[in-house]
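Report on one structure; see the data block that follows.
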2 protein chains.
Amino acid sequence: MLTEERRQKVLEIIKEKGFVSLGELSLHLSCSESTLRRDLEYWDQLGHIKRTHGGAMFTGEQLVMPAFEERVTEALEEKRLIARAALDLISDGSVILLDGGTTTFELARLLTGRSLQVVTNSLPIANGLSSRREIDLILLGGYIYPKTGVALGPLTIAQLERIHVRQAFIGVSGITPKGLFNSNLLLVETERAMMRSADEVIVLADHGKLDRTALAHLCPLGDISTLIVDPQLSPEQEAWLAKAGVRLIKTPPLQGQEGGAA
Amino acid sequence: MLTEERRQKVLEIIKEKGFVSLGELSLHLSCSESTLRRDLEYWDQLGHIKRTHGGAMFTGEQLVMPAFEERVTEALEEKRLIARAALDLISDGSVILLDGGTTTFELARLLTGRSLQVVTNSLPIANGLSSRREIDLILLGGYIYPKTGVALGPLTIAQLERIHVRQAFIGVSGITPKGLFNSNLLLVETERAMMRSADEVIVLADHGKLDRTALAHLCPLGDISTLIVDPQLSPEQEAWLAKAGVRLIKTPPLQGQEGGAA
DNA sequence: ACATTCAATCAAAATCTTTCATATTACTTC
DNA sequence: GAAGTAATATGAAAGATTTTGATTGAATGT
């Protein structure tokens with residue numbers, strides 16, 4: 001097999017799977033791991049993939065999985081449905097803000113083709129949207145938190161003070177009757193600034209986030225306009241959300257659920 | 001068989017299969033490998049195929065990669081040498097600013113392993129550096145110019161006013177005795193702000209940029225501290241650069257790259 | 001602390017480029 | 001139309017490059 005041909009196959013596999021390990025690659029292609037490493041290096045240089053310890057992930061041409069956390073695949077279908085529900089709230093030509101996070105990332109993927117102004121502090125989202133001509137992208141700068149690739153801190157907050165958006169879509173780690181939580185103190189500072197900049201605050205969360213807390217308290221429940229969640233939440237949870245005056249949007253139940261078709 | 005006829009067959013086979021090796025080609029056509037190589041060379045020149053080690057691949061109708069990645073390979077070796085020369089100017093632990101552009105991108109690539117604070121308005125650079133733990137990354141936000149993925153405009157400028165860096169590395173489209181040029185008006189505004197934020201302004205350019213102008217005038221020559229360029233510039237060019245008081249750093253010539261010559 | 005995984009290096013194999021002599025084609029001239 | 005000449009195409013060989021798989025010590029993640 002020709003060098004180029006093999007490289008194409010390598011890229012194809014990575015593109016298909018999102019992430020591969022070296023061992024997995026060498027199952028498909030008969031050549032040494034050294035060679036595969038070199039191929040990964042090659043595509044990495046061209047920016048189509050990103051090498052990681054143990055393998056590589058696709059980052060090229062399209063909206064891609066965030067290069068950051070592996071939680072992405074967790075509850076993926078639910079996140080997609082939540083993102084789709086969020087999409088329905090967005091009208092053409094408006095200005096929205098997208099927080100970092102896996103669910104907002106899913107939402108970003110769905111925005112293609114819509115004429116919008118999108119503000120975000122998330123590197124993966126900016127990445128995916130940057131080549132879309134139909135979308136005006138405004139990136140929030142600041143200190144980049146390496147773990148998730150979002151901009152945080154005083155610079156980000158200062159920039160938010162000069163920006164006003166119709167809707168802000170926020171992801172959180174936990175929701176309890178006490179309010180919303182996220183895992184990082186700087187992050188919640190930044191998210192508070194986002195909320196101040198928005199007419200409407202829409203929180204995206206799967207039911208797993210309910211009744212869970214995290215390190216940093218973001219705000220009381222009353223500060224948000226809308227919560228979009230999948231329908232698998234308990235009646236009690238629904239009750240205290242209603243009591244706090246949160247507008248609750250439940251996604252339709254999973255249709256093709258069951259059995260992760262291999 | 002006529003030459004033309006054989007060449008057509010060669011192209012046809014490549015188009016059909018996508019990839020072919022030389023051996024495979026010579027099964028279908030009875031002539032020497034030398035001749036087939038010349039045929040591949042012929043079609044390669046016309047852009048219908050791309051020669052590779054061991055054979056060739058069809059490219060006639062394939063889509064081309066976006067502008068950014070394409071330009072990367074142009075004068076790549078020179079850019080790398082320029083980037084390497086720039087690297088020598090950076091001391092560990094310092095704060096640098098990287099403009100967008102292909103040469104600064106090469107520089108960013110070389111930064112891995114150095115403990116630095118890096119400020120950039122370039123999405124591709126931020127991408128590459130975001131997971132490096134040894135590097136503190138500060139991203140400049142703003143309107144993202146889709147063509148090159150850099151942040152521009154008033155938001156970016158406002159953010160730069162709150163930042164101070166030791167060295168700013170800037171890429172330009174043209175350099176003449178009249179000064180520096182770039183292709184985008186918003187971009188030069190932003191770059192001026194970068195220059196204001198830096199103690200030292202270092203411009204990276206290959207010799208092809210000399211004596212070329214572009215749409216937007218950035219600044220007179222006197223405003224920059226240092227120009228790093230490959231050594232293929234004319235004596236006149238060197239003269240007017242010296243006259244303007246620009247510190248000129250020439251990279252070593254391409255061929256004579258010392259180092260690990262075995 | 002451990003087991004992986006990585007980057008760097010090396011030698012062998014494959015392939016490439018260059019060069020040259022020969023064969024073929026095209027063109028000129030008579 | 002035939003012979004001679006220039007231009008191009010071909011095949012083969014030598015030396016330079018590239019690719020590859022294996023091996024090493026270093027770096028990384030649990």
Side-chain angles (χ1 to χ4, degrees), chain A residues 1-11 13-14 17 19-46 49-57 67-71 146-148, chain B residues 1-11 14 17 19-46 49-57 73 76-77 80 84 87 92 109-115 128-135 254-262:
Chain A
M1 185 186 303
L2 292 176
T3 306
E4 274 310 316
E5 194 176 0
R6 188 195 57 241
R7 284 185 183 155
Q8 292 283 349
K9 287 218 164 95
V10 166
L11 182 61
I13 291 171
I14 299 174
K17 302 204 160 198
F19 177 90
V20 283
S21 64
L22 260 183
E24 203 167 344
L25 262 183
S26 57
L27 289 181
H28 296 264
L29 302 158
S30 50
C31 61
S32 72
E33 294 202 338
S34 285
T35 300
L36 290 175
R37 276 180 220 282
R38 279 185 271 251
D39 287 346
L40 295 185
E41 167 81 13
Y42 172 85
W43 289 119
D44 190 11
Q45 292 262 329
L46 289 180
I49 68 166
K50 176 116 176 126
R51 295 189 64 187
T52 66
H53 205 83
M57 65 182 29
F68 305 94
E69 297 177 42
E70 324 95 54
R71 329 193 302 262
K147 208 161 146 190
T148 56
Chain B
M1 186 188 302
L2 294 172
T3 305
E4 263 318 306
E5 194 182 345
R6 188 196 58 241
R7 282 187 181 156
Q8 287 295 337
K9 284 213 164 120
V10 166
L11 183 60
I14 299 173
K17 302 203 155 202
F19 288 93
V20 283
S21 65
L22 225 64
E24 205 167 341
L25 264 182
S26 57
L27 289 181
H28 296 263
L29 303 156
S30 50
C31 60
S32 73
E33 295 201 337
S34 286
T35 300
L36 289 175
R37 287 208 170 87
R38 279 185 266 253
D39 287 345
L40 295 185
E41 170 78 16
Y42 172 84
W43 289 120
D44 190 12
Q45 294 268 332
L46 291 180
I49 69 165
K50 178 112 171 52
R51 294 191 65 188
T52 68
H53 207 85
M57 66 196 275
T73 53
L76 184 57
E77 276 311 313
R80 291 222 170 113
R84 186 158 293 283
L87 188 67
D92 261 357
R109 208 174 257 166
L110 298 176
L111 295 178
T112 58
R114 308 279 303 262
S115 170
L129 296 180
S130 63
S131 56
R132 294 270 150 195
R133 266 177 281 177
E134 69 274 20
I135 290 176
L254 261 179
Q255 307 284 12
Q257 184 172 12
E258 309 291 348

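Per chain, numbering begins at 1; letters A, B, ... match sequence-line order.
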Checklist line | B/Arg51 CZ to B/Gln45 CD distance, which is reported to the nearest 0.5 Å | finding: 10.0 Å

Check: Say you draw a straight line from CG of B/Asp44 to CG of B/Asp39; how long is it, rounded to the nearest 0.5 Å?
Finding: 12.0 Å

Next item on the list: Could you go through the salt bridge (Lys or Arg N to Asp or Glu O under 4.0 Å) check for B/Arg38 and B/Glu41 one step at a time?
Entry: CA-CA 5 Å; B/Arg38 279 185 266 253; B/Glu41 170 78 16; over 6 Å; no

[atom1] of [X] versus [atom2] of [N]: gap in Å, rounded?
{"X": "B/Arg38", "N": "D/dT10", "atom1": "CZ", "atom2": "P", "answer": "7 Å"}
{"X": "A/Leu29", "N": "D/dT20", "atom1": "CG", "atom2": "P", "answer": "12 Å"}
{"X": "B/Glu41", "N": "D/dA9", "atom1": "CD", "atom2": "P", "answer": "13 Å"}
{"X": "B/Asp39", "N": "C/dC16", "atom1": "CG", "atom2": "P", "answer": "14 Å"}
{"X": "B/Glu5", "N": "D/dA9", "atom1": "CD", "atom2": "P", "answer": "16 Å"}
{"X": "A/Leu36", "N": "D/dT19", "atom1": "CG", "atom2": "P", "answer": "15 Å"}
{"X": "A/Leu2", "N": "C/dC16", "atom1": "CG", "atom2": "C1'", "answer": "14 Å"}
{"X": "B/Gln45", "N": "C/dT17", "atom1": "CD", "atom2": "C1'", "answer": "14 Å"}

Could you work out which one of [options] sits closest to the side chain of [X]?
{"X": "B/His53", "options": "D/dT19, D/dG11, D/dA9", "result": "D/dT19"}
{"X": "B/Arg7", "options": "D/dA9, D/dG11, C/dT4", "result": "D/dA9"}
{"X": "B/Leu22", "options": "C/dC16, D/dG21, D/dG11", "result": "C/dC16"}

Checklist line | First of A/Arg51 and B/Gly54 reached from the 5' end of DNA chain C, by closest nucleotide | finding: A/Arg51

Notebook entry, point to check: Any idea which heavy atoms bring B/Gly55 and A/Leu2 closest together, and the distance?
Noted result: N-CD2, 3.8 Å

Notebook entry, point to check: Taking for each residue the nucleotide of DNA chain D with the nearest heavy atom, is it A/Glu33 or B/Thr35 whose nucleotide lies nearer the 5' end?
Noted result: B/Thr35

Looking at [X], I'd like to know whether one of its side-chain N or O atoms comes within less than 4.0 Å of OP1 or OP2 on [N].
{"X": "B/Ser34", "N": "D/dG11", "result": "no"}
{"X": "B/Ser32", "N": "D/dT10", "result": "no"}
{"X": "A/Arg6", "N": "D/dT20", "result": "yes"}
{"X": "A/Thr3", "N": "D/dT20", "result": "yes"}

Next item on the list: Pick base, sugar-phosphate or nothing for A/Ser30, based on heavy-atom distances below 4.0 Å to the nucleic acid.
Entry: nothing

Next item on the list: Report which part of the nucleic acid B/Gly23 touches: base, sugar-phosphate, or nothing (heavy-atom distance under 4.0 Å, all strands).
Entry: nothing

Margin query: Looking at B/Lys50 and A/Glu4, is there a salt bridge between them, counting it only when a charged N and a carboxylate O are closer than 4.0 Å?
Written below: no

Checklist line | Base of D/dG11 paired with side chain of B/Arg37 (donor-acceptor, under 3.5 Å) | finding: no

